[in-house]
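First comes the structure, then the notes that go with it.
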Amino acid sequence: VMQVYFERIFDQNGVLRGTVFVHRDMTREYEVDQMKSEFVSTVSHELRTPLSSVLGFTELMLHKELKPERQRKYLETIHKEAERLTQLINDFLDIQRMEAGRQSYDFAKVDLVPLAKELIETMAFHAPQHRLELDAVTDPAPVRGDEAKLRQVLLNLIGNAMKYSPNGGEVRVMIREAGDELAVSVTDQGLGIPKESLGHLFTKFYRVDNSDRRKIGGTGLGLAICKEIVKAHDGRIEVESQLGEGSVFTLYFPRNQAVRGNEVRLSDGN
Ligand code: ADP
């Protein structure tokens, strides 16, 4: 995006001597502007949806005589929407902190097997329509990581796997060695992702747009956050998918790294 100014130069007799052109490359400013307006429109849309239902239901409760069971139902909705708002705001703050390099990490030796096991048990309890399986080909599976942050990544991937398989099916978490890396994959049998979207998934606010999914809520921030966290662990995240068949998200972490502080070498399997 170029911005062009020009100014004609006259001498003291009023004779045109020339024209000065100033070309300014505004690409960066334009991009920042675009991002800002995208941010504002996404944020305001995403915040407005839960807020308007909180407002609607509280108004109903204030102005109408309601049976206790109806009251309870409305309160549950209000609670759920308030939780969604909190999640949204946390996600916004997280991604901003990470992108600014202001996120601190507390690295230690983390075994991914019990972590995945615990998450799967918790998630299975809340989602009886999905079959959640853990396949720990490598056990134990120690990495140098921040446990809370790794939990956040896995929760996000397992949560997406369930969210984007509205008809249920199996969600399989597999932990295995892949060369000199540890790979954790989350496989679902859900909606899948169109080819042209695969390259954009980890961009913040990106959401695959089609009628099936429009009903499924989200901010488009989860995978961008995952990517930042995995990057901070010297790892990477990849996706494979077949539309209508399902998706596989795989995290790769380096193995054989010394954990600073307690001097444990992961390669010893200690
Ligand atoms: P959100 O789920 O809040 O929209 P994410 O960043 O977690 O944001 O994901 C971005 C987009 O990638 C989603 O909107 C969805 O379209 C697509 N996606 C993510 N995970 C899956 C999955 N397991 N199956 C199908 N589509 C997915």
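Treat the numbers as computed from the prediction; the structure is a model and nothing was measured. Atoms within each ligand, like the ligands themselves, are counted from 1 in listed order.
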| Does ligand 1 have an atom that lies less than 4.0 angstrom from a heavy atom of Lys163? | yes
| request: Run down the list Gly220, Ala161, Ala224 and name the one with the heavy atom closest to atom 1 (P) of ligand 1. | output: Gly220
| field | Tyr206, portion touching ligand 1 at heavy-atom distance under 4.0 Å | value | backbone
| Ion pair check, Glu81 and Arg84, cut-off under 4.0 Å | yes
| Got a donor-acceptor contact below 3.5 angstrom from the Asp111 side chain to the Val113 backbone? | yes
| message | Closer than 3.5 angstrom, by distance alone: can the side chain of Thr138 be matched with the main-chain N or O of Glu177 as a donor-acceptor pair? | response | yes
| Exercise: identify the closest heavy-atom pair between Ala116 and Leu134 | CB-CD1, 3.9 Å
| query | For Ala161, does its backbone N or O pair with a side-chain atom of Ser165 as donor and acceptor, under 3.5 Å? | reply | yes
| message | Out of all atoms in ligand 1, which are within 4.0 Å of some heavy atom of Leu221? Include the element for each. | response | 6 (O), 8 (O)
| Enumerated ligand 1 atoms positioned under 4.0 Å from heavy atoms of Arg207 | 1 (P), 4 (O), 14 (O)
| field | Same apolar cluster: Ile175 and Leu119, side chain cutoff 4.5 Å | value | yes
| For Gly192, atoms of ligand 1 separated by under 4.0 Å from a heavy atom | 25 (C)
| query | Less than 3.5 Å between some nitrogen or oxygen of Val208 and one of ligand 1, yes or no? | reply | yes
| Heteroatom distance test (Phe249, ligand 1): nitrogen or oxygen, under 3.5 angstrom | no
| query | Counting heavy atoms only, which part of Ile193 comes closer than 4.0 Å to ligand 1: side chain, backbone, both or neither? | reply | side chain
| query | Can Ile193 be reached from Val248 by stepping across I, L, V, M, F, W or Y side chains whose heavy atoms are under 4.5 Å apart? | reply | no
| note | At under 4.0 Å between heavy atoms, what of Asp188 touches ligand 1? The answer is side chain
| query | What is the minimum heavy-atom distance between Arg207 and Ile216, and which atoms define it? | reply | NH2-O, 2.9 Å
| query | Which residue from Asn160, Leu201, Val186, Ile158 reaches closest to atom 17 (C) of ligand 1 through any of its heavy atoms? | reply | Leu201
